[in-house]
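Notes follow once the structure below has been shown.
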Protein chains: 2
Amino acid sequence: MSEEKRAKDQLKAHIRAQNEKLILEAAERVFARQGLTKTTTQMIADEAGLPKANIHYYFRSKKDLLEAVLGRILALWLNSVSQFKYEDGPKACLTRYISEKIEQSQNHVNASKVFAMALIGEEPYVLEYLREYFVGELKKESETIERWVEDGLMKPVPVEHLFISLWAMTQTYADFDAQVKILLRTPELDDEMYDDAKSFIKRMVFAVCGIDD
Amino acid sequence: MSEEKRAKDQLKAHIRAQNEKLILEAAERVFARQGLTKTTTQMIADEAGLPKANIHYYFRSKKDLLEAVLGRILALWLNSVSQFKYEDGPKACLTRYISEKIEQSQNHVNASKVFAMALIGEEPYVLEYLREYFVGELKKESETIERWVEDGLMKPVPVEHLFISLWAMTQTYADFDAQVKILLRTPELDDEMYDDAKSFIKRMVFAVCGIDD
DNA sequence: GTCTATAATGGGATAGAC
DNA sequence: GTCTATCCCATTATAGAC
């Protein structure tokens, strides 16, 4: 009997995990397309191919669902960008960082937009995360950069403003892709355009840091 | 009689102009704080100190009101940034451009946020404007830069990406000020911080363009 | 031109049958 | 765990008195 129960529980857990994933992915797409408030649970249900009541079965409220979506994005953000390693030196680390950030914009447009919307709307959930994790990350990176500066591997730069600029320049290709497409006169951004963005941003950053290109 | 009528009309026009301005300014603030969709006409009415029906008297629909707000912002955007002049040279023009863009972020935080929200939400009204005016502006600036490059006053740069980066770096201080404040560990952005941003962005741009600082 | 009261709609959430 | 039907509330918009 207890074995039968365990099997049932496993099945239930599996169904739950599968449906939650389905809903979260559908929600991310709809939130990105429609904006956080304009999005209705009905739209998410339609996108997921489920009746609306099921959305509320898996996520108590729309707010809970949004926070779950944001949670996935924030975890992704934290894991998809490498930390600086002193031994690798500024050129390799900055190259990798810029490449990864642009690739993030390229491969996770929806996630980036939802994050941007939440940030511009000052969602407490996102601000809390920034305070908790991002400030700490930045501090580590700053210390590495300062050692590079001391050791004459690069010129001194205001580290906070450098990172603010790096995020702005890389994420703008996802968040404001509509504007970018208009300016580049293209219906879609292709690999070459992202590569051009990467190269240009690297050139700027290397130039200001006094790193030979 | 016709004179009396004219006087009345003038008064009416004055009242209309005054109230429209009051509503537009209130709406910009609320749209920036709450987001475009979360904002209700009731909130705008409260912010303006008027009953809700008056909002609809002056602006048929919420959509009309949003477009009127965006219209003011777009006009401001177009007028508050100087065009490049060949004779002034790259250093003076880029300096002025960056300063003006940062000052725009500093002095019109709400306008910048509403614009960003409309852009991320791909409001047709804003996209149309970008296609109509911005692409043309950019083309003029590109031509000037290309002449500077030909005449050896600066190194060649991919002009579209340069402008995308310039807008991203300068507007991020308004649009994502919540993030900037967290990273700079400050409750409010002060003049000194905006000056630091200006200096750093100028350094980056001069460096990549090969202009002596 | 101003304002109260209300119509009309749409959306979040849930009860309860299956 | 799924889904239909429904409740309830917030919101846009307007009618109509002043």
Side-chain angles (χ1 to χ4, degrees), chain A residues 4-31 33-70 117-118 121 123 125, chain B residues 4-27 29-31 33-70 117 121 123 125:
Chain A
E4 198 177 314
K5 188 176 179 301
R6 227 181 303 129
K8 247 188 200 168
D9 283 357
Q10 267 192 355
L11 180 62
K12 274 195 189 179
H14 179 69
I15 291 177
R16 170 165 283 273
Q18 208 168 12
N19 280 333
E20 279 183 356
K21 189 160 174 269
L22 180 72
I23 295 169
L24 286 167
E25 286 172 358
E28 185 182 286
R29 286 193 297 275
V30 183
F31 278 134
R33 271 206 304 274
Q34 298 285 340
L36 307 187
T37 316
K38 211 173 172 186
T39 294
T40 66
T41 51
Q42 184 64 62
M43 290 174 194
I44 296 171
D46 292 347
E47 177 86 17
L50 292 172
K52 183 168 63 127
N54 291 29
I55 308 299
H56 281 94
Y57 174 73
Y58 286 101
F59 298 92
R60 197 166 305 276
S61 67
K62 188 183 163 187
K63 186 167 167 287
D64 281 6
L65 175 51
L66 172 60
E67 293 189 356
V69 170
L70 288 172
M117 289 168 176
E123 286 281 332
Y125 187 87
Chain B
E4 200 178 310
K5 187 177 180 304
R6 226 181 302 131
K8 247 188 197 166
D9 283 356
Q10 267 191 358
L11 180 62
K12 274 195 187 177
H14 181 69
I15 290 177
R16 171 164 281 273
Q18 210 168 12
N19 279 333
E20 279 182 356
K21 190 162 175 263
L22 180 71
I23 294 169
L24 286 167
E25 287 172 357
R29 285 193 297 275
V30 183
F31 278 133
R33 273 206 302 274
Q34 298 284 340
L36 307 188
T37 316
K38 210 172 170 186
T39 294
T40 67
T41 51
Q42 184 64 62
M43 290 174 192
I44 296 171
D46 291 346
E47 177 86 17
L50 292 171
K52 185 174 56 140
N54 291 31
I55 308 299
H56 281 95
Y57 175 73
Y58 286 101
F59 299 91
R60 198 167 305 274
S61 68
K62 189 184 162 186
K63 186 167 167 289
D64 281 8
L65 175 52
L66 172 61
E67 293 190 355
V69 169
L70 287 171
M117 288 168 178
E123 286 280 331
Y125 187 87

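Side chains included, hydrogens not; waters and symmetry mates left out as well; all remaining heavy atoms used. Chain letters run A, B, ... following the sequence lines, proteins first, then strands; residues in each count from 1.
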Under a 4.5 Å cut-off applied to non-hydrogen side-chain atoms, are [X] and [Y] in contact?
| X | Y | value |
| --- | --- | --- |
| B:T40 | B:M43 | yes |
| B:L66 | B:T39 | no |
| A:I44 | A:L50 | no |
| A:F59 | A:T41 | no |
| A:N54 | A:N19 | no |

Which value, rounded to the nearest 0.5 Å, describes the distance between A:Y58 atom OH and A:I15 atom CD1? 6.5 Å
Listing time: all N or O pairs from protein to nucleotides 9-13 of chain C that are below 3.5 Å?
residue, atom, partner, partner atom, Å
C:dG12, OP2, A:T41, N, 3.0
C:dG12, OP2, A:T41, OG1, 2.9
C:dG12, N7, A:K52, NZ, 3.1
C:dA13, OP2, A:H56, NE2, 3.2
C:dA13, OP2, A:K62, N, 2.9
C:dA13, N6, A:K52, NZ, 2.8

Indicate yes or no: does A:R29 engage A:E25 in a salt bridge with an N to O separation below 4.0 Å. no
Least distance between heavy atoms, A:K62 atom then A:T37 atom: NZ-O, 3.3 Å
Reckon B:F59 touches a base, only the sugar-phosphate, or nothing at all at heavy-atom distances under 4.0 Å? nothing
For chain A, the stretch of DNA chain D it reaches, first to last nucleotide, under 4.0 Å of its heavy atoms: D:dG1 to D:dT4
